[in-house]
A.B. asks: 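Structure incoming, see below.
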Amino acid sequence: MSAIHLDNRLVHYEVVGRGQPIIFLHSWLGSWRYWVSTMDLVSERYRAYALDFWGFGESDRHGSHFTITDYVHMLGQFMDQMGIAKANLVGHGLGGMVAIRAAREQPDRFLRLMTVSTPMQGHTLADLVKPGTFSRLLGKSNPSNIWSKLLRSIPITDPEVQHELLEDTEGLSETVLASVQESLFDTDLRSTVNVLERPLLAVYGAQDKIINLDHIMFLNQLHDRPVQLLILPKANHFPFLEQTTTFSRLLLDFLIAEQQPVEIKEEWKRRVNQREYL
């Protein structure tokens, strides 16, 4: 376990590999553990970092109010203290929102961005995550809830990893989640993406039961911006866990592509686990 202190708060992070930095940012119900498989696969060419936002994972859980702005600030401080001048960003859900905001505010610090299952308009989640429903969402009162059911259905070969993911989710504070939810609902990234200066690859799963894909189709209209929307037909809300090899190859291609678009190549389908395409 590695940790540093930012604003007198402990921040847990993990790092593997050597090369150009990639920073992985987790979602509103997750931790750095989501990224282990992807980090391992890209670490031969890149130095991969993953950190836990305050209130999540093994980072400081004191306090009850955290916002996307707080996490953007936290990311910048993390890079300063780690001596990272420039980095690529990969963010899932909430982490994707933080990545886009950070790249807009400090474009010179970031090279490329990949967002995964990220709502561009936070209010689209309001019907799914209503105030007072966190017990059900976390599976404490209803084992068939959406999030817990999704976690248990991910085809992770290592049962210990899946157990750790469930532990991270079920151990979260409802107070922290409520404040993060409020900030998320108030965030609209459409105008931000429209002026983004760095290449963005926005990845979604066509089977996603959390993100309404209708609200992100505007990304296809940004022909004058370095933005690409890519939808994986067989994926749900966690493409990097459901189709790890495909996702990692897609990320590596995006990081070295001189220009967009990037796409899933036929030869990947012959080399990866067949289960990813069933």
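Quick note: residue numbers are just sequence positions, from 1.
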A.B. asks: Going only through I, L, V, M, F, W and Y residues with side-chain contacts under 4.5 Å, is there a path from Tyr46 to Leu111?
C.D. replies: no
A.B. asks: Step by step, work out the side chain to side chain contact (heavy atoms under 4.5 Å, CB included) result for Val203 and Phe254.
C.D. replies: CA-CA 11 Å; Val203 178; Phe254 173 62; over 6 Å; no
A.B. asks: What closest approach, in Å, do Ser43 and Val16 show between heavy atoms, and which atom pair accounts for it?
C.D. replies: CB-CG2, 3.8 Å
A.B. asks: Kindly write out the residues that satisfy ring-ring contact (aromatic ring centres under 6.0 Å, His included) with Tyr13, not counting sequence neighbours, or none if the list is empty.
C.D. replies: Phe78
A.B. asks: Checking Phe240 now: which residues fulfil ring-ring contact (aromatic ring centres under 6.0 Å, His included) with it, not counting sequence neighbours?
C.D. replies: Trp35, His92, Phe247
A.B. asks: Between atom CH2 of Trp54 and atom CZ of Arg9, what is the distance when rounded to the nearest 0.5 Å?
C.D. replies: 6.5 Å
A.B. asks: So do the side chains of Pro239 and Val116 get within less than 4.5 Å of each other, counting heavy atoms only?
C.D. replies: yes
A.B. asks: Compare all side-chain heavy atoms of Ser117 with those of Asp208 and state whether any distance is below 4.5 angstrom.
C.D. replies: yes
A.B. asks: Specify the closest pair of heavy atoms between Ala102 and Leu75, including all atoms of both residues, with the distance to one decimal.
C.D. replies: CB-CD2, 3.8 Å
A.B. asks: May I ask you to test the Ser27-Phe238 pair for a side-chain heavy-atom distance under 4.5 Å?
C.D. replies: no
A.B. asks: Ile231 and Met217: side chain to side chain contact (heavy atoms under 4.5 Å, CB included), yes or no, with the steps?
C.D. replies: CA-CA 10 Å; Ile231 298 177; Met217 290 305 169; 3.8 Å; yes
A.B. asks: If we ignore hydrogens and angles and just use 3.5 Å, is the side chain of Glu14 paired with the main-chain N or O of Leu51 as donor and acceptor?
C.D. replies: no
A.B. asks: Got more than 12 heavy atoms from elsewhere within 6.0 Å of CG, Asn8?
C.D. replies: no
A.B. asks: When rounded to the nearest 0.5 angstrom, what distance separates OG1 in Thr67 from CG in Leu184?
C.D. replies: 11.0 Å
A.B. asks: CD1 of Ile211 to CD of Gln121: how many Å apart, nearest 0.5 Å?
C.D. replies: 11.0 Å
A.B. asks: Quick one: are Tyr204 and Thr118 in side-chain contact, heavy atoms under 4.5 Å?
C.D. replies: yes
A.B. asks: Quick check: do Leu196 and Arg104 have side-chain heavy atoms less than 4.5 Å from each other?
C.D. replies: yes
A.B. asks: Would a 4.5 Å heavy-atom cut-off, applied to side chains only, mark Leu255 and Ile22 as touching?
C.D. replies: yes
A.B. asks: Could you go through Val193 and Arg225, starting from their C-alpha distance and side-chain angles, then the distance that decides it, and tell me whether this counts as side chain to side chain contact (heavy atoms under 4.5 Å, CB included)?
C.D. replies: CA-CA 8 Å; Val193 171; Arg225 310 307 303 170; over 6 Å; no
A.B. asks: What class does the angle between the rings of Tyr71 and Phe56 fall in, given that below 30° is parallel, 30 to 60° is tilted and above 60° is perpendicular?
C.D. replies: perpendicular
A.B. asks: Would you confirm whether Ser183, through its side chain, and Val180, through its main-chain N or O, come within 3.5 Å as a donor-acceptor pair?
C.D. replies: no
A.B. asks: Taking the side chain as C-beta and beyond, is there a heavy-atom pair between Arg33 and Glu58 under 4.5 Å?
C.D. replies: yes
A.B. asks: Within a 6.0 Å radius of atom CZ on Arg47, are there more than 12 heavy atoms belonging to other residues, nucleotides or ligands?
C.D. replies: yes
A.B. asks: Keeping Arg112 on the side-chain end and Ala257 on the backbone end, is there a donor-acceptor pair under 3.5 Å?
C.D. replies: yes
A.B. asks: Given the rule that I, L, V, M, F, W and Y join up when any side-chain heavy atoms are under 4.5 Å apart, are Leu113 and Val195 in one cluster?
C.D. replies: no
A.B. asks: Take Asp188 and Arg190 through the test salt bridge (Lys or Arg N to Asp or Glu O under 4.0 Å) and record every step on the way to the result.
C.D. replies: CA-CA 6 Å; Asp188 189 332; Arg190 288 175 297 176; 2.6 Å; yes
A.B. asks: Counting N and O atoms only, with roles assigned by atom type, does the side chain of Asp52 sit under 3.5 Å from a partner on the main chain of Trp32, one being a donor and the other an acceptor?
C.D. replies: yes
A.B. asks: Going through the distances and angles, do Glu242 and Asn236 end up as a side chain to side chain donor-acceptor pair (under 3.5 Å)?
C.D. replies: CA-CA 8 Å; Glu242 300 160 27; Asn236 202 308; 5.3 Å; no
A.B. asks: If I compare all heavy atoms of Gly57 with all of Ser31, which pair ends up nearest, and what's the gap?
C.D. replies: CA-CB, 4.0 Å
A.B. asks: Give the C-alpha distance, both sets of side-chain angles, the deciding distance and a yes or no for side chain to side chain contact (heavy atoms under 4.5 Å, CB included) between Asp108 and Arg198.
C.D. replies: CA-CA 9 Å; Asp108 292 341; Arg198 293 292 176 256; 3.9 Å; yes
A.B. asks: Is it the case that more than 12 heavy atoms not belonging to Glu44 sit under 6.0 Å from its CD atom?
C.D. replies: no
A.B. asks: Going by the rule ring-ring contact (aromatic ring centres under 6.0 Å, His included), which residues pair with Phe110 if we only count those two or more places apart in sequence or in a different chain?
C.D. replies: none
A.B. asks: Once rounded to the nearest 0.5 Å, what's the spacing between atom OG1 of Thr245 and atom CG of Leu41?
C.D. replies: 6.0 Å
A.B. asks: Once rounded to the nearest 0.5 Å, what's the spacing between atom CH2 of Trp28 and atom CD of Gln181?
C.D. replies: 10.5 Å
A.B. asks: Salt bridge between Arg109 and Asp80, side-chain N to carboxylate O under 4.0 Å?
C.D. replies: yes
A.B. asks: Nearest heavy-atom pair of Leu10 and His12: which atoms, and what distance?
C.D. replies: CD2-N, 3.9 Å
A.B. asks: How many angstroms lie between atom CG of Asp7 and atom CE of Met74, to the nearest 0.5 angstrom?
C.D. replies: 9.5 Å
A.B. asks: Under a 4.5 Å cut-off applied to non-hydrogen side-chain atoms, are Met120 and Phe218 in contact?
C.D. replies: yes
